[in-house]
Amino acid sequence: MLERIQKVIARAGIASRREAEKLISEGRVTLNGKVVEELGTKVDTDKDYIKVDGKLITRPEPKAYLILYKPRGYVTTTSDPEGRPTIMELLERVKGRVFPVGRLDYDTEGLILCTNDGDLTHRLQHPSHEVPKTYFAKVEGVPTPEEITKLRKGIKLEDGMTAPAKVKLVRKVDANSWLEITIHEGRNRQVKRMVEAIGHPIIKLKREGLAFLTLGDLKSGEFRHLTAEEIKKLKEI
Ligand code: URA
């Protein structure tokens, strides 16, 4: 996030904003090694090094990127007014604070990406990037080929038509079935509403993949840090 440099100096407890402006005009403040000349200079405390009289006042937080296999029965927010368990409890061993990218419902399990990289979070959540998300959905009954085609082409929900999706009937279990559904949107309860709309309400929902990332060998409740290669690929999306 970009902020005015005098605000950052004031927050570091070194000077008031007015005094910080004076420090800047006296040439005592540097930004990544260069003397700051303009009062309104914008800085990003995630990346930039700011020094006053040669003393570092901010240290960019190291970036962390991980995927968590969220179990059912956890919320993906950082706190819950109803006191339900949050995924933060599963991430206590992570150094620094990471935040979920997007959300999964309380009763949905599966892959959730967590990071403190605000730029990446913003980009991945922007509708124009259309990151594919793959779900396994156990639904009541067995959808007909026509019903599956409806899901593929787009189906009318109360907030508009869904974009085309990839949908496959994977397996039948007694009278019910498992579908593999890949969507590019991230509307609230989207998969559940899609299968409900064709008359096959959800029984269980699991997110298996996000972009090129999959759960792999992760067990429910476990997380792993992404590799340098995976981080690079995510940033290229
Ligand atoms: N779609 C849903 O309905 N729920 C989720 O948690 C994710 C996608």
Side-chain angles (χ1 to χ4, degrees), residues 66-82 84-91 98-115 121-143 147-148 150-171 173 176-216 218-223 234 237:
L66 54 94
I67 52 173
L68 168 71
Y69 184 157
K70 174 188 129 33
R72 289 195 189 91
Y74 281 79
V75 292
T76 49
T77 43
T78 48
S79 67
D80 183 54
E82 293 173 41
R84 294 174 295 182
T86 80
I87 57 164
M88 294 301 152
E89 294 165 31
L90 302 168
L91 299 172
V98 292
F99 300 92
V101 179
R103 59 185 299 281
L104 288 178
D105 295 335
Y106 179 67
D107 56 357
T108 299
E109 64 176 333
L111 189 155
I112 185 123
L113 173 67
C114 299
T115 182
T121 301
H122 186 72
R123 268 193 296 134
L124 291 180
Q125 291 195 281
H126 198 275
S128 66
H129 290 113
E130 303 193 339
V131 184
K133 301 165 203 87
T134 299
Y135 295 88
F136 285 112
K138 186 177 186 188
V139 299
E140 284 180 20
V142 182
E147 287 166 340
I148 290 188
K150 277 192 196 163
L151 289 182
R152 284 190 186 133
K153 288 192 170 161
I155 192 155
K156 193 156 180 272
L157 300 179
E158 73 233 19
D159 51 358
M161 291 296 287
T162 59
K166 280 193 196 148
V167 184
K168 247 187 344 204
L169 177 63
V170 183
R171 189 153 53 94
V173 185
N176 301 321
S177 44
W178 281 94
L179 302 177
E180 184 184 319
I181 304 179
T182 302
I183 58 172
H184 291 80
E185 302 166 288
R187 301 193 214 167
N188 207 16
R189 298 186 65 254
Q190 181 163 344
V191 175
K192 291 177 186 166
R193 290 191 291 136
M194 284 168 71
V195 293
E196 243 164 60
I198 56 157
H200 296 276
I202 201 86
I203 299 172
K204 275 183 189 170
L205 186 60
K206 176 179 179 183
R207 179 150 79 191
E208 190 64 33
L210 174 81
F212 58 89
L213 297 167
T214 58
L215 282 175
L218 274 185
K219 306 233 168 26
S220 178
E222 286 181 352
F223 67 84
L234 268 186
I237 287 178

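Remember, it's 1-based here, ligands and their atoms both numbered in the order they're listed.
Contacts of T108 with ligand 1, taken as heavy-atom pairs under 4.0 Å, involve the side chain alone.
Within the listing of ligand 1, atoms 1 (N), 2 (C), 3 (O), 4 (N), 5 (C) sit less than 4.0 angstrom from a heavy atom of L205. Counting the atoms of ligand 1 from 1 in the order shown, those under 4.0 Å from a heavy atom of Y135 are 7 (C), 8 (C).
Ionic pairing of E109 and R72 is present here: one or more N-O contacts between side-chain nitrogen and carboxylate oxygen are shorter than 4.0 angstrom.
Protein heavy atom closest to atom 1 (N) of ligand 1, with residue, atom name and distance, is V191 N, 3.2 Å. Looking only at protein heavy atoms, the nearest one to atom 6 (O) of ligand 1 is D105 N, 2.8 Å.
Between the CD atom in E222 and the CG atom in L215 there is a gap of 10.5 Å [rounded to 0.5 Å].
Applying the 6.0 Å contact sphere to NZ of K150 captures no more than 12 heavy atoms from other residues, nucleotides or ligands.
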side-chain contact (heavy atoms from CB on, under 4.5 Å) evaluation trace for I183 with T162 | CA-CA 9 Å; I183 58 172; T162 59; over 6 Å; no

Can you check side-chain contact (heavy atoms from CB on, under 4.5 Å) on Y135 and L179, steps first, answer last?
-> CA-CA 8 Å; Y135 295 88; L179 302 177; over 6 Å; no

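Here's the thing with R193: none of its N/O atoms is less than 3.5 angstrom from an N/O atom of ligand 1. Checked by distance only, ligand 1 and K192 come closer than 3.5 Å through their nitrogen or oxygen atoms.
Side-chain contact, R193 with N188: no donor N or O sits under 3.5 Å from an acceptor N or O.
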